[in-house]
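The block underneath contains the structure these notes are about, expressed in structure tokens.
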Amino acid sequence: MIIIGILFGCIIYSEWRYLQLKNRKRSTFRYVLGTAVFLFLGFEALFYFREQWTIGDAIHTVFAPIEKIILMQK
């Protein structure tokens with residue numbers, strides 16, 4: 001987790017420096033840095049819950065009701 005934080009810190013710092021050097025608007029700063037923070041939090045959540053949540057569970061949650069409807073019609 002520490003490495004993830006360090007990598008995202010480097011990414012955010014490089015983005016911030018680029019935006020500052022190119023004299024971008026304040027709203028652009030908010031969009032870019034907000035997106036980076038959102039992605040960091042999402043990545044940390046996936047890393048933290050990797051044993052409890054899998055993509056198979058998500059697919060089953062989405063498609064199980066559809067499967068029940070299809071099987072009931074036969």
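Each residue takes its place number in the sequence, starting with 1. These figures come from a predicted structure and were not determined experimentally.
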**Request:** Measure the NE2-CD distance between His60 and Glu67 for me, rounded to the nearest 0.5 Å.
**Result:** 8.0 Å
Acceptor/donor pairs from residues 15-28 side chains to any protein atom, 3.5 angstrom cut, sequence neighbours excluded:
{"unit_1": "Arg17", "atom_1": "NH1", "unit_2": "Gln20", "atom_2": "OE1", "d": "3.4"}

**Prompt:** Leu33 and Ile4: same hydrophobic cluster, using ILVMFWY side-chain contacts below 4.5 Å?
**Reply:** yes
**Message:** Ile2: which residues meet the side-chain contact (heavy atoms from CB on, under 4.5 Å) condition with it, sequence neighbours left out?
**Reply:** Ile6
**Prompt:** Which heavy atom of Ile66 sits nearest a heavy atom of Val62, and at what distance?
**Reply:** CD1-O, 4.0 Å
Residues 35-51, side-chain donor-acceptor partners within the protein, below 3.5 Å, at least two apart:
{"unit_1": "Thr35", "atom_1": "OG1", "unit_2": "Tyr31", "atom_2": "O", "d": "2.7"}
{"unit_1": "Arg50", "atom_1": "NH1", "unit_2": "Phe47", "atom_2": "O", "d": "2.7"}

